[in-house]
Protein chains: 2
Amino acid sequence: MNDTPPSNEDGEARDDRRLDNRTLWEQVRDRIREDILSGELAPGTVLSEVSLARSLGVSRGPIREALGRLASEGLVTITPRRGAIVTELTRDEFIDAYQVREALETLAIRLAVPRLTEADLARLRELHEEMIEHARADRVNAFFAANAGFHELFVTASGNGKLGDMYRLLLDQTGRYLARSLALRGSLDKSIAEHSAILEAVEAGDAEGAAHLLADHIEVPRRVEEETGEHPAVTAPIKTTEGSDR
Amino acid sequence: MNDTPPSNEDGEARDDRRLDNRTLWEQVRDRIREDILSGELAPGTVLSEVSLARSLGVSRGPIREALGRLASEGLVTITPRRGAIVTELTRDEFIDAYQVREALETLAIRLAVPRLTEADLARLRELHEEMIEHARADRVNAFFAANAGFHELFVTASGNGKLGDMYRLLLDQTGRYLARSLALRGSLDKSIAEHSAILEAVEAGDAEGAAHLLADHIEVPRRVEEETGEHPAVTAPIKTTEGSDR
DNA sequence: TGACTGTCAGTTGTCAACAGTTAGCAATTA
DNA sequence: TAATTGCTAACTGTTGACAACTGACAGTCA
């Protein structure tokens, strides 16, 4: 955001030797964001400015600034004069976001395929193998981490910065609901089969084919929901115990 | 967003009879946004907190809050400890955003077609007629306004709130550069021909066909740029003299 | 002349205090 | 008892002041 368009102002990837020149509110924002993404702050948790200020040892100013930016990212919901809570995505909103995310991935793959290096392809195969192993061992979190890396590679390789910004925005919003993702996507095996087909098309340089393989599944979640009309049993996010999905 | 995802917190479309219950910083944000979108504040303009505070008659707090949110929307660029300026999109960034925007429109059309009412179709035909007339009279601004309405209808009718949020975000970022849009898209006539084909597919209920008609043109801008390698003569936004494009 | 250093004005970052609003509870009334 | 009214505590919104930082400029020295 500065933020949303996180390409501005952040300038991640700074020289290690540099001192921490970030402003207070930036550190606060990152701290709270981590806590939300890790599940430590569950959806619906009220974020009081004064208590946050006390616990982090700063005044309310930087807290307000941080909460505002996180609200812009969709991670917290602010109601004027009533405070902020960690955003709760309804099932419909989650599906909406998921749909948009997949549309962006489709674009990413189409743009990325002609630009992929040999190293990129090797990394994709590697991640795919990882996903297979983790699925076999039923390690859902690890599976999703590898899965995220798989998709992130296309987004990065697409060379489209805005696309990356939007994608990561939606990823942060949806990434917390692993259970929902799973329920929507079907089994891990099904996901792997899809990735196999995609990887095949990518290796053949068939950008359109790869894109269609993804795009064809965009309507699936909504169709599933309309047919079942049921909400998944698990609506709370699964706490990730290992590295972030990003 | 609370904003980014502008679906939260804003609650636009409030009852007319209600008093203005919005907070100060929200009013400031909207005011500055209007000035940016209208071209009154040109890209690159420095936005000093103190001078803004003086001219709007409030303290620096609400100004900071507003600038932060606008930064999240991508309309202003904040550099820590150095201040804020109206975001300048480079040609590449503009093309990136344009590409993403078209991808979102593609999704929107695919989702919207099966949900369109007879009234929606009538409105689409109406807008299409308007575009033809305005193009004939060389009224570029009016053309773009009708064009925006045409696309907005699909986005709204898609029923996907997140899609709308992301779309409008990108629209605000790119909408200021009418000259660039024109240079990228080709003549108005070409655009009308595209819309005719799309409208035809939509009326036939052919969602995939309509979506492909849009999607096929996604790579065009980048190809054009790579071939010419030239930057358009006009990089500054054209000041719109009539209603906003939204 | 050229590079370096110290100073300075202007700016943003942070803080603490005040004012206004909200939600909830207790007291009152029918 | 149920509904309404009036209070209260806690919170957010806004303000003004202070501290810290930045970039530019003038002065100094080789």
Side-chain angles (χ1 to χ4, degrees), chain A residues 1-3 8-11 14-15 17-33 41 44-72 75-88, chain B residues 1-3 8-12 14-15 17-33 41 44-72 75-87:
Chain A
M1 318 197 197
N2 108 67
D3 334 340
N8 318 330
E9 162 184 334
D10 260 355
R14 39 187 85 245
D15 191 327
R17 286 184 48 74
R18 288 182 69 171
L19 308 175
D20 188 2
N21 202 20
R22 294 182 310 163
T23 58
L24 253 186
W25 71 261
E26 287 175 313
Q27 301 178 45
V28 171
R29 177 197 56 182
D30 292 347
R31 171 70 172 275
I32 298 178
R33 177 163 46 207
L41 290 173
T45 305
V46 302
L47 300 171
S48 157
E49 293 180 4
V50 285
S51 55
L52 278 174
R54 262 199 301 268
S55 71
L56 295 181
V58 298
S59 73
R60 280 178 51 221
I63 301 286
R64 277 181 70 83
E65 205 109 355
L67 288 179
R69 305 312 180 90
L70 289 170
S72 290
L75 289 180
V76 319
T77 303
I78 296 178
T79 308
R81 282 174 278 276
R82 286 219 257 137
I85 64 170
V86 179
T87 300
E88 284 182 286
Chain B
M1 145 198 35
N2 251 300
D3 337 328
N8 319 330
E9 163 181 336
D10 260 355
E12 231 68 29
R14 39 187 85 245
D15 191 326
R17 286 184 48 74
R18 288 183 68 169
L19 308 175
D20 188 1
N21 202 18
R22 293 183 310 162
T23 58
L24 252 187
W25 72 260
E26 287 174 313
Q27 301 178 45
V28 171
R29 177 198 56 183
D30 292 347
R31 171 71 173 273
I32 298 178
R33 176 164 46 205
L41 290 172
T45 305
V46 302
L47 300 172
S48 159
E49 292 181 4
V50 284
S51 55
L52 277 174
R54 262 199 302 267
S55 71
L56 295 181
V58 298
S59 73
R60 279 176 52 222
I63 302 286
R64 280 180 66 84
E65 205 110 351
L67 289 178
R69 304 312 180 90
L70 290 170
S72 291
L75 288 180
V76 320
T77 303
I78 296 179
T79 308
R81 279 175 276 277
R82 288 219 254 135
I85 64 170
V86 180
T87 299

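All values below come from the heavy atoms of this structure, side chains included, with hydrogens, waters and symmetry mates left out. To find a chain, count down the sequence lines: A is the first, B the second, and so on, and within it residues start at 1.
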Leu75(A) vs Val86(A), test: side chain to side chain contact (heavy atoms under 4.5 Å, CB included). Steps then yes/no. CA-CA 6 Å; Leu75(A) 289 180; Val86(A) 179; over 6 Å; no
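- For the pair Glu49(A) CD and dG20(C) C1', the computed distance is 14 Å after rounding to whole Å.
- With the nearest nucleotide of DNA chain C identified for both Leu24(A) and Arg81(A), Leu24(A) has the one nearer the 5' end.
- Rounding to whole angstrom units, CZ of residue Arg22(A) and C1' of dT14(C) are separated by 17 Å.
- Residue Ser59(B) places its side chain closer to dT15(D) than to any other of dT15(D), dT12(D), dG13(C).
- When atom types are taken as modelled, the side chain of Thr87(B) and the backbone of Thr77(B) share a donor-acceptor pair closer than 3.5 angstrom.
- Counting non-hydrogen atoms under 4.0 angstrom, Gly61(A) reaches nothing in the nucleic acid.
- Rounding to whole angstrom units, CD1 of residue Ile85(B) and P of dT12(C) are separated by 13 Å.
- We find that CZ of Arg64(B) is positioned 6 Å from C1' of dT12(C), with the value rounded to whole Å.
- Atom-to-atom, CD of Glu65(A) to C1' of dT12(D) comes out at 15 Å; the value is rounded to the nearest Å.
- In the interface, the side chain of Arg60(A) is paired with the base of dG13(D) through a donor and an acceptor atom under 3.5 Å apart.
- For the pair Pro80(B) and Arg22(A), the minimum side-chain heavy-atom distance is 4.5 Å or more.
- Protein atom CD1 of Ile63(B) is 14 Å distant from nucleotide atom P of dT11(C), rounded to whole Å.
- Within 3.5 Å, no donor on the side chain of Arg82(B) pairs with an acceptor on the base of dG13(C), nor the reverse.
- Annotation: side chain of Ile85(A) is not in contact with side chain of Thr45(A) (no heavy-atom distance under 4.5 Å).
- Of the candidate nucleotides dT12(C), dG13(C), dT14(D), dT14(D) has the atom lying nearest to any side-chain atom of Thr23(B).
- Distance, Leu47(A) CG to dC11(D) C1': 14 Å, rounded to whole Å.
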